[in-house]
Amino acid sequence: MKWPDALQEIIDEFKEIEDQFEKLEILMDFSTEVDELPTSDWNDETLVKGCQSVAHVKIDINDGKVWLKSAADAKMVQGLQGILTIAINGNGVNEVLALTPEFAEEAGILNSLTPSRSNGFRTMFDMIQLMVRRSQ
Amino acid sequence: MKWPDALQEIIDEFKEIEDQFEKLEILMDFSTEVDELPTSDWNDETLVKGCQSVAHVKIDINDGKVWLKSAADAKMVQGLQGILTIAINGNGVNEVLALTPEFAEEAGILNSLTPSRSNGFRTMFDMIQLMVRRSQ
Amino acid sequence: MKEDFPILSRQVNGRNLVYLDNAATTQKPHCVIDAMNQYYSLSNANVHRAVHTLAGEATEGYEKCRSLLKERYNASRAIITSGTTESINLVAHAWGEANLEDGDAVILTEMEHHSDIVPWQMLAERKSIELRYVPVIDGNLDMDIFDASLDGAKLVCVVHTSNVLGVRNPIEDIITKSKLAGAKVLIDAAQAVPHEEIDFEKLGADFLAFSAHKMCGPTGIGALLVSESAFEKMQPFMGGGDMIQTVSITGSTYQVNEHKFEAGTPRIAEGVGWAAALEWMSNIDLEKHHSRLINIARHVKQELVSKGMTVYSQLGEKDAAVVSFTHPSIHPEDFARLLDAQGIAVRTGHHCAQPLMERLGVSGTIRASFYIYNDEDDATTFLNGIDRVLEAMA
Amino acid sequence: MKEDFPILSRQVNGRNLVYLDNAATTQKPHCVIDAMNQYYSLSNANVHRAVHTLAGEATEGYEKCRSLLKERYNASRAIITSGTTESINLVAHAWGEANLEDGDAVILTEMEHHSDIVPWQMLAERKSIELRYVPVIDGNLDMDIFDASLDGAKLVCVVHTSNVLGVRNPIEDIITKSKLAGAKVLIDAAQAVPHEEIDFEKLGADFLAFSAHKMCGPTGIGALLVSESAFEKMQPFMGGGDMIQTVSITGSTYQVNEHKFEAGTPRIAEGVGWAAALEWMSNIDLEKHHSRLINIARHVKQELVSKGMTVYSQLGEKDAAVVSFTHPSIHPEDFARLLDAQGIAVRTGHHCAQPLMERLGVSGTIRASFYIYNDEDDATTFLNGIDRVLEAMA
Ligand SMILES: Cc1ncc(COP(=O)(O)O)c(C=O)c1O
Ligand SMILES: Cc1ncc(COP(=O)(O)O)c(C=O)c1O
């Protein structure tokens, strides 16, 4: 699969790292990329169910461009949200809907997460795309 | 363990046979040694419970000597009863109470039977000794 | 095929094992044994909740079993249980308690295995439920009586393929009629899944129960496939870890998926082993084996009859290769023991189907059941073994 | 010791595995893996009813597990189940349904595993039974409230050793007082049997539940030990093959021994594997390991505290070597994942004990649990791993 350039760059960055600990450190670094969803905006609709830690996501569409706001209590989940923010923010609806969660596997991030967590990630990913589809 | 002579002879006879089929044939031959308990004497007290096939045993004590009457529908069980008849009939109470069911293992008969069946044999054996103890 | 199964090169009483007790349990190919071995040697951990690598691998291994089941049988819900028996008890408790009411009727058949009778008798004691048994005539279900029993029935429980006679019941017909009458349908497929491909969605039944150990998988694990409409109506059965969402001293909330019915640490290694068996079986052409085996069974039946035996199996086109018979005078257990002395494993007794025995007018039968690794040589050895028994007992 | 366990020579994320998730499940020695391997390769058959050689061997292998359990724990009744969770559900159904009445009280504790809470909540929904929870103060049961709760209680359910805190409860005292008050006692011994010798007769409890997988045995199997007086009062739970004496369409009669509660094809290979584990453990001096491990755990606790962690385990003389802790700011899952990246397996979360979590005022902890094959080197690797995490997150 061909990924958007920004995402491809991230994937390549992860692929270069061998040590798992360092990989996770880099993942956590992406948490700074998150456009924070303030707790006042948290609700049942924004809550990612099936995730082991608390995570929330919300989508805004402006002029056909998608913007992700998110929050999580675990740093690694924030990191995943940060990567999603880069992959999504400012892109068109169709580009966002063309994304698939497999990029995390290709980067070797999902491999390092357990199925229940990766299910959490998939759930989060699916939720975002559903939100985009619904807001159209 | 030292067995009564008659029993020891039987054990030795079995030990000489290698082929399992022949062993079972010999076992069935002992069915002719059974002193038949007529069906009219069958009741809940004589029934061997836990045996997969129908089997009945009854004890008579005359002048301190024990006599076994028995019946079964399966030929192999009759064979076991036949051996018990030889080991028991005409012997004193104490001799009968001194017997243990292990002789069947030593003869390689129990080995050829499944645990549930050997349990049936043990049950039958224990029942007989209990009957002897009670009739004293 | 035989070389895939380590046990089949074993000697019993000095002879090569001829294993004809497949309706009781089947043997396991190397790959199944190795998969469990490997699981315990490399990935053993508890599943679902932990984040460490082993736990991830264990969870993947266990959940793979579920995905393979759903895929193979085209089912949207696969609850993993300890076997057919627990699967049926699960229906009686999780669905029966919540959806059957005093006065409702449940249809069973005289051909059922005890595992598909006793749970309903027990439920009938807890609630006043009427149990209607469809009789067996000439080795088949009496479909006229079945039709007549449907009125007022809320659930129909029927064995797909009999473990005693091998008869394959007209379950498509039964399901269609039951649905028309508004009854849910439970299929006991313990003997079916080893012998034919099943499309659960297409069949249209509500519950399908089976065991891994009868289809080359490990002991201690089985499944219950459930239709969405029935799944929605099921209440939790056993309580514990993994089936809850939250627990507090004021009450608990439950998982919404299959985990709701899988309380406690699940059968992890067993799931891994069954997954290996399912993958192995996906390369087996069951239909081809079926026609091969039914021909062997028919030949065996013919020979047994000519040797003076009474054979109870009809061995119709779609029936499983199960040959149940008795001898006019030789006790079944003597018979089986004399076969065992020749390395031949068959079963005797009531086969956990006493009502059927009663109908057949016997206390037990001798049963030779053939499976995919059995061949004509096995049949020949078996028939020669029979001859030796007949000679010895003459 | 480590060389007995094949998995312990495995690498995880490029490091030697340090397995500290033993309270979730323990690893298996070679002999256990081999025993199951051998069973499937040489003796696999269904148990109890058949007369052929394999069936005899399979039955012996399975029933040997029961005899070893009775011997090791000095119990006259050992029912084989799929694990602690099923054992407790069995008590709730087989004993609870028949012996508890509307208005009766059952005592639980806040320290219970969900498996010893949810079955009782479910029973309480079927009947109006009052559940009384003994609170936890400073990591121990509030025995004053326990004493005060006894009046009118028919059953006391208490965890022997906590899977979260490692605390070993005063169960002798609890049993004595409960008996005096006329209540039956169920002990959740899932975490106890791996750590100390238990004499069931001497303890005087009525039910003792545990799982094989937490004591070097296979998944999918466990046991319930039962006193004679309680056994007599138990009604069948699941129905099916092997638990009946006779079945007819007018009703059924049941086995009188443990088989009454073991419906369907049992966990045969699992029984064989567990028997091997029990034999292996009979050569292990649990007491010696216990004092070794509690010292390691105390050292670890001290270090964790000095590194700024909050440790919830008291680690008293008889407690299990379970160290539960949190960091003031690092999320437990991040912590566990960064340890896993270094090959160290620990657990995080609520450990299926949410009421206890609530009492401790946390949503979850990180738990390092040590077992007989762990040594000081493992503790050192773990502590170094912690340092690396703290540095990275600083
Ligand atoms: C104290 C305690 N009770 C019960 C259980 C449940 O055991 P299982 O999941 O093996 O049924 C566990 C383990 O998870 C436990 O630690
Ligand atoms: C038709 C049928 N139903 C149910 C069962 C019970 O299966 P299990 O003992 O694996 O629970 C069997 C096998 O014994 C069977 O043949």
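Every chain is numbered from 1 and lettered A, B, ... according to where its sequence line falls, protein lines coming before strand lines. Hydrogens, waters and symmetry mates are skipped; everything else that's a heavy atom, side chains included, is used.
Considering only heavy-atom pairs separated by less than 4.5 Å from chain C, the leading option among D:Ile249, D:Ile221, D:Thr85 is D:Ile249. Per-residue heavy-atom pair counts under 4.5 Å with chain D were compared for C:Ala341, C:Gly241, C:Ala58, C:Cys352, and the maximum is reached by C:Gly241. When the candidates C:Glu112, C:Glu110, C:Met238 are compared by the number of heavy-atom contacts under 4.5 Å with chain D, C:Met238 comes out ahead.
Heavy atoms of C:Ile244 lying under 4.5 Å from chain D belong exclusively to its side chain. Of the two parts of C:Val32, neither the backbone nor the side chain holds a non-hydrogen atom closer than 4.5 Å to a non-hydrogen atom of chain D. Residue contact with chain D, scored on non-hydrogen atoms closer than 4.5 Å, involves the backbone and the side chain of C:Ser43 alike. Within the 4.5 angstrom heavy-atom criterion, atoms from both the backbone and the side chain of C:Ile268 approach chain D. Using a 4.5 Å cut-off between heavy atoms, D:Asn44 contacts chain C through both its backbone and its side chain. Using a 4.5 Å cut-off between heavy atoms, C:Gln121 contacts chain D through its side chain alone, with no backbone atom that close. Contacts of C:His350 with chain D are made by side-chain atoms alone, with heavy-atom separations under 4.5 Å and no backbone atom involved. Neither the backbone nor the side chain of D:Ser9 has a heavy atom closer than 4.5 Å to any heavy atom of chain C. Contact annotation for D:His93: only side-chain heavy atoms (C-beta onward) come within less than 4.5 Å of a heavy atom of chain C. Residue contact with chain D, scored on non-hydrogen atoms closer than 4.5 Å, involves the side chain of C:Asn13 exclusively. Of the two parts of C:Pro266, only the backbone, made up of N, CA, C and O, holds a non-hydrogen atom closer than 4.5 Å to a non-hydrogen atom of chain D. Proximity to chain C (any heavy atom under 4.5 Å) is restricted, for D:Ile33, to the side chain, taken from C-beta onward. For C:His213, the part lying under 4.5 angstrom from a heavy atom of chain D is the side chain only. For C:Asn37, the parts lying under 4.5 angstrom from a heavy atom of chain D are both the backbone and the side chain. Interface remark: D:Thr26 contributes backbone atoms only to the contact with chain C (heavy atom separation under 4.5 Å). Neither the backbone nor the side chain of C:Leu339 comes within contact range of chain D; no heavy atoms are under 4.5 Å apart. Proximity to chain D (any heavy atom under 4.5 Å) is shown, for C:Glu86, by both the backbone and the side chain. Using a 4.5 Å cut-off between heavy atoms, C:Met122 touches chain D through its side chain atoms alone. For a residue to count as touching a neighbouring chain, one of its non-hydrogen atoms must lie under 4.5 Å from one of that chain's; by this rule C:Tyr40 touches chain D with backbone and side chain alike. Using a 4.5 Å cut-off between heavy atoms, D:Leu17 contacts chain C through its side chain alone, with no backbone atom that close.
Ring-plane geometry between D:Phe237 and C:Phe237 is classed as tilted, the angle between the planes lying from 30 to 60 degrees on a 0 to 90 degree scale.
Counting only N and O atoms by type, the side chains of C:Ser248 and D:Gln354 include no donor and acceptor under 3.5 Å apart.
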_I'd like to know whether D:Leu54 forms a side chain to side chain contact (heavy atoms under 4.5 Å, CB included) with C:Gln27, so could you lay out the CA-CA distance, the side-chain angles of the two residues, the decisive distance to 0.1 Å, and finally the verdict._
CA-CA 11 Å; D:Leu54 298 185; C:Gln27 298 304 338; 4.1 Å; yes
*Apply side chain to side chain contact (heavy atoms under 4.5 Å, CB included) to D:Arg267 and C:Glu270, showing your working.*
CA-CA 10 Å; D:Arg267 295 102 184 139; C:Glu270 291 80 356; over 6 Å; no
*Starting from the C-alpha separation in whole Å, work towards a yes-or-no answer on side chain to side chain contact (heavy atoms under 4.5 Å, CB included) for D:Glu97 and C:Arg126.*
CA-CA 10 Å; D:Glu97 288 285 355; C:Arg126 295 195 297 273; over 6 Å; no
*Please step through side chain to side chain contact (heavy atoms under 4.5 Å, CB included) for the pair C:His52 and D:Val12, ending with a clear verdict.*
CA-CA 9 Å; C:His52 61 77; D:Val12 166; over 6 Å; no
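For the side-chain contact (heavy atoms from CB on, under 4.5 Å) criterion with C:Val247, the lone passing option out of D:His114, D:Met357, D:Glu358, D:His113 is D:His114.
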